[in-house]
Amino acid sequence: MRFQLNDEQRALQDAVRSYLRDRFGPAQVREVYDNPDTDGVPAALWKAIGEQGWLAVLVPEEHDGIGLGLLDAAVLARAFGAATVPGPWLSTILLGEAIRLAGSDEQKAKLLPGIAAGEVKGAVALLPNGSARGAVATATDGKLSGNLGLVEYAAVADTLVVAAQDGLYLVDPTHATITSSPALDRTVRLSTVVLDGAPGEKLTNSSDAVLAEILDRAAVLVANDLVGIARKALTDTVEYDKTRVQFGKPVGSFQAIKHDLADIHLGITMAEHAALYAAHAQDIDAPDKELAASIAKVKAGDMANESTSAMIQYHGGIGYTWEHDSHFYLKRAKRLEYAFGDASQHRERIASLLLDGEVDGTRAPVSAESSGMASGVA
Amino acid sequence: MDLQFSKEDEEFRSEFRAWLDTNLPQDMRTEDWWRPKSDDEQFQIRRDWEKKKAEAGYCGIQWPTEFGGRGGSPTMKAIYDEEMAKANAPRTVNPLGLAFLGPTVMAIGTDEQKAAIIKPLLHTDVIWCQGFSEPGAGSDLAALQMKAVPQGTDYLINGQKIWTTNAMHGDKIFTLARTSEGAKRHDGISMLLIDMHQPGVEARPLKQITGESEFGEVFFTDALCPQDEVLGGEGNGWMTAMLLLSFERGSSAIGQYTEFRRQWDAVAQIAKQVERDGKKASQDPVLRQQLANSLVDLECLKYHSWHVLTATSQGKDLGYEASMTKMMWSETFRKVSDTYEAILGSAFQVPEYQGLTLEELTTMALWSRSCTIWGGSAQVQRSIVAERVLGLPR
Ligand SMILES: Cc1cc2nc3c(=O)[nH]c(=O)nc-3n(C[C@H](O)[C@H](O)[C@H](O)COP(=O)(O)OP(=O)(O)OC[C@H]3O[C@@H](n4cnc5c(N)ncnc54)[C@H](O)[C@@H]3O)c2cc1C
């Protein structure tokens, strides 16, 4: 029984954290924030992400990747969340996952090495904005049409993954109409993408099940980003409230604040466990992996929301300024809270997994379960 | 990451499960069997059953064998808790002795105390009460007033304890009394081990919101306690009490998870049967959200218990993080109960509804309200977490 990261995963965590601490702190995030007309991909950061192998984690070794699991990628996602790292890391990872899970051997051999090497930027349109299911485009004879809605990093992407009614397609963004749009969370760059008969390359093994799997993996990575944000927001708030004095005392000594922060700490701890387990559950193909993904997304989304709101509240006026970092966390949390299914959509999914089973969605009631247990007869 | 238990642990599980299969009859696992019996009858049955279990070697799982325990690991204790909950086995009759007194005696008791206390506790020959709370001293335990003055080789004790669990069934009580006037409130307190079967000790039941009387009041009027029946030394009662309360820390909460998850499953089952607005409650979008939300916290509690088990198996002391475990299970339990109440709506008031027997779940919903009070209230735990874990100033 070891519910914790292994030594290699901890080393990875240390490496990414120390890189970000030394090379990509709040000042660098602010650069991206204050220059919304740039592509939102700081060159040195992106180069380092590629060189460190942080885009290669999930690519199999036979395709020049590192072939690790989602838990390893989750370690990165959490660190990136805590540091509000900009750039298309997640969407490129998801491009890789789409090819790995839905691509043919040829497609994998052709495309994965470039992703692992950090030479490719990806963008994904897997769900209609705000929805937890449904295609974003219509494919007819390999030509795709539709308004994909807002897509992160479409403007810099080399390849776009698009969910059409009959499967996943890769689209060259030069065949798309891409109109950039300002984003509240400026650690990202958003565009509206419209396809009008754009040629698409179908990922030959795509199916509803594979798409669902990719979406779960996306939700798990986002959940890890969210717990990174939530924890960082809480830690900074606790530090500030230890030293900010009002009424002759640190404001952190007031019970109204203490108890709220204690609750948030508890909730974040639960979310961290959930995000960790959800990643592991996908890696070991656990029977409850879908449930675990939804649980992680719900708890992480709720807690990031609470923690970043508390951050602003318990900083007072300074927390409401552009100069303070609070809004980086709040806005990133807001964006990701709604990505790949929001908390209520995932709660509904949990309900459907547990309440709408074929014969009897729930487990047996109290007495039936215990009698089944003991006698070995259902 | 490895969520498997070791082979040895799994062997222990099968062995214990097999013992339960033969020694815990099916009917004893159902509420229907217990309901017609009086409080006293129920207690006696539980006491006898627990003794039998102890005699078979399933007691004091993590306690050293020299004291009559099994000398097992934290994971074995977790498995034991899980199997007990899965089997709906009778609750222990000695919860306070097992959680608190036993570990404290093993840590700081004299050899005589170890010999006299531990085995009879494990074998339910002696039922222990915890006499800490008083009418004027609840969360603020140091406000306690009970007095003990030397008289010959005894102490003469006067005062009152309240909310004493098992007051009506207790044989002995570990309690806090003032044996001298100290300069500070925490001084001059001693932990006395008092025989409850004597004229100077009177226990009276208090009826709880469930209608049961698990706790009561204990009045001490010129009660006697030999002066060598002090645990941890005269005047060291406060430190002894703090040590004693710290022993709850190792608990992984896997037993609680197993029990609450079973209740959640039963609640979900009810939601699939009761009608609401012309459809099953389980199809009501708001109730579905609520059911899912309580399940989210429940499953997080399970993950947390793995986290605690990982730490304790590696020999780490969780320290004040234990308050988080208490907060987490007690509040999650409240959420499951709230969900149950919401699903039944006004039918929550009656013991039977549309062919469903509700008594057990309703009792648990009421009971969940006590768990955020005893053992350090939810508010006290929040202060501990804020100050000791997050480091916020006092
Ligand atoms: C079912 C049950 C079984 C029990 N069994 C035992 C037993 O076997 N032995 C025993 O000794 N005791 C037992 N208790 C007593 C229990 O330990 C006390 O009820 C508990 O410590 C709270 O004390 P109180 O009831 O006096 O409430 P109070 O301390 O008066 O609290 C009232 C309210 O004020 C809040 N409060 C108190 N102090 C603070 C603070 N500093 N900051 C913020 N809020 C605060 C509390 O959280 C609570 O909500 C039991 C209680 C229950 C309900």
Side-chain angles (χ1 to χ4, degrees), chain A residues 1-6 9 71 234 238 241-242 249-250 252-253 255 257-263 265-266 269-271 273-274 276-277 280 283-284 288 291-292 294-295 298-299 302 344 346-352 354-356 360-367 369-371 373-376, chain B residues 1-6 9 17 20-21 24 26 29-32 75 78 86-88 262-263 265-266 268-272 282 285 288-289 291-293 295-297 299-301 303-304 306-307 309-310 313 324 327-328 331 360-361 379 381-387 389-394:
Chain A
M1 169 58 66
R2 260 184 48 131
F3 183 59
Q4 62 185 184
L5 298 177
N6 64 24
Q9 287 157 344
L71 189 53
L234 176 67
V238 166
D241 285 4
K242 278 182 191 171
K249 293 183 200 159
S253 68
Q255 210 178 61
I257 291 182
K258 270 187 190 169
H259 284 194
D260 200 15
L261 294 180
D263 275 338
H265 172 60
L266 194 74
T269 304
M270 294 165 89
H273 295 328
L276 204 63
Y277 176 64
H280 177 64
D283 284 338
I284 62 165
D288 67 344
L291 183 68
S294 284
I295 287 172
V298 169
K299 198 67 190 174
D302 285 353
S344 60
H346 280 282
R347 279 191 286 262
E348 174 50 37
R349 178 164 182 245
I350 292 167
S352 69
L354 295 177
L355 299 172
D356 304 341
D360 179 355
T362 64
R363 302 190 175 173
V366 179
S367 47
E369 161 154 327
S370 19
S371 52
M373 274 291 184
S375 59
Chain B
M1 191 78 79
D2 174 12
L3 302 177
Q4 306 287 318
F5 287 103
S6 70
D9 285 343
R17 196 180 278 178
L20 287 169
D21 282 353
L24 183 62
Q26 287 312 312
R29 303 176 187 215
T30 65
E31 181 62 14
D32 290 349
T75 43
K86 275 187 185 158
N88 214 8
R262 199 151 43 83
Q263 283 159 353
D265 290 341
Q269 202 61 26
I270 287 173
K272 294 172 79 177
S282 63
R288 288 168 73 81
Q289 290 280 316
L291 274 160
N293 220 23
L295 186 100
V296 166
D297 282 7
E299 294 300 296
C300 289
L301 176 65
Y303 312 146
H304 187 70
W306 296 339
H307 160 78
L309 263 182
T310 303
S313 300
M324 293 168 58
M327 272 173 76
M328 207 182 285
E331 310 217 1
E360 185 182 2
L361 286 165
Q379 287 67 42
Q381 304 287 4
R382 281 180 175 79
S383 293
I384 293 173
V385 170
E387 286 162 16
V389 181
L390 295 178
L392 287 163
R394 291 171 76 88

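Residue numbers begin at 1 in each chain, while the letters A, B, ... track the order of the sequences.
Side-chain atoms of His259(A) and Ser383(B) include a donor-acceptor pair closer than 3.5 Å. In this model, no donor atom of one side chain and acceptor atom of the other lie less than 3.5 Å apart for His307(B) and His273(A).
With chain A as the partner, the residue from Asn293(B), Thr75(B), Asp32(B) showing the most heavy-atom pairs under 4.5 Å is Asn293(B). For the set Asp263(A), Asp241(A), Leu5(A), the entry with the most heavy-atom pairs within less than 4.5 Å of chain B is Asp263(A). In terms of heavy-atom pairs under 4.5 Å with chain A, the best-connected choice from Ser313(B), Ala271(B), Ser6(B), Gly391(B) is Gly391(B).
Pairing each heavy atom of Leu3(B) with each of Phe3(A), the nearest pair is CD2-CD1, 3.8 Å. Taking all atoms of both residues into account, the shortest heavy-atom contact from Ala292(B) to Ala351(A) is CB-N, 4.2 Å. The shortest non-hydrogen separation linking Leu355(A) to Ala268(B) is CD2-CB, 3.7 Å. A pairwise comparison of heavy atoms in Gly252(A) and Leu392(B) identifies O-CB, 3.6 Å as the closest pair.
In this structure the side chain of Asn6(A) never reaches within 4.5 angstrom of the side chain of Met1(B), judged on heavy atoms. Between Glu348(A) and Pro285(B) there is no side-chain heavy-atom pair separated by less than 4.5 Å. No side-chain heavy atom of Ser253(A) sits less than 4.5 Å from a side-chain heavy atom of Arg394(B). Residues Asp302(A) and Val296(B) form no side-chain contact, since every pair of their non-hydrogen atoms from C-beta on lies 4.5 Å or further apart. His265(A) has its side chain within reach of Met324(B): a pair of non-hydrogen atoms, C-beta onward, lies under 4.5 Å apart.
For a residue to count as touching a neighbouring chain, one of its non-hydrogen atoms must lie under 4.5 Å from one of that chain's; by this rule Glu387(B) touches chain A with the side chain only. Looking at Ile257(A), neither its backbone nor its side chain comes within 4.5 Å of chain B, counting heavy atoms on both sides. The part of Leu71(A) that comes within reach of chain B is its side chain, from C-beta onward, which places non-hydrogen atoms under 4.5 angstrom from that chain. For Gln4(A), the parts sitting under 4.5 Å from any heavy atom of chain B are the backbone and the side chain alike. Only the side chain of Thr269(A) comes within less than 4.5 Å of a heavy atom in chain B; its backbone stays farther off. Only the side chain of Val298(A) comes within contact range of chain B, judged by heavy atoms closer than 4.5 Å.
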Quiz item: Should Arg347(A) and Leu291(B) be marked as a side-chain contact (heavy atoms from CB on, under 4.5 Å) after you check the CA-CA gap, both sets of side-chain angles, and the distance that decides it?
Solution: CA-CA 8 Å; Arg347(A) 279 191 286 262; Leu291(B) 274 160; over 6 Å; no
Quiz prompt | Derivation of the salt bridge (Lys or Arg N to Asp or Glu O under 4.0 Å) call for Asp260(A) and Arg382(B) | solution = CA-CA 8 Å; Asp260(A) 200 15; Arg382(B) 281 180 175 79; over 6 Å; no
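The CE atom of Met1(A) sits 9.0 Å away from the CG atom of Asp9(B) when rounded to the nearest 0.5 Å. Once rounded to the nearest 0.5 Å, the distance linking CD of Glu331(B) with CE of Met270(A) reads 9.5 Å. Taking OG of Ser282(B) as the start and CG of Leu354(A) as the end, the distance is 11.5 Å to the nearest 0.5 Å. Atom CD1 of Ile284(A) sits about 7.5 Å away from atom CD of Gln4(B), to the nearest 0.5 Å. The CG atom of Leu295(B) sits 6.0 Å away from atom CG of Leu291(A), with the distance rounded to the nearest 0.5 Å. One finds the CD atom of Glu299(B) at 5.0 Å from the CD1 atom of Ile295(A) (value rounded to the nearest 0.5 Å).
With respect to Asp356(A) and Arg288(B), a salt bridge is recorded, a charged nitrogen being found less than 4.0 Å from a carboxylate O.
At distances below 3.5 Å, not a single donor-acceptor pair connects side-chain atoms of Lys258(A) with backbone N or O atoms of Val385(B).
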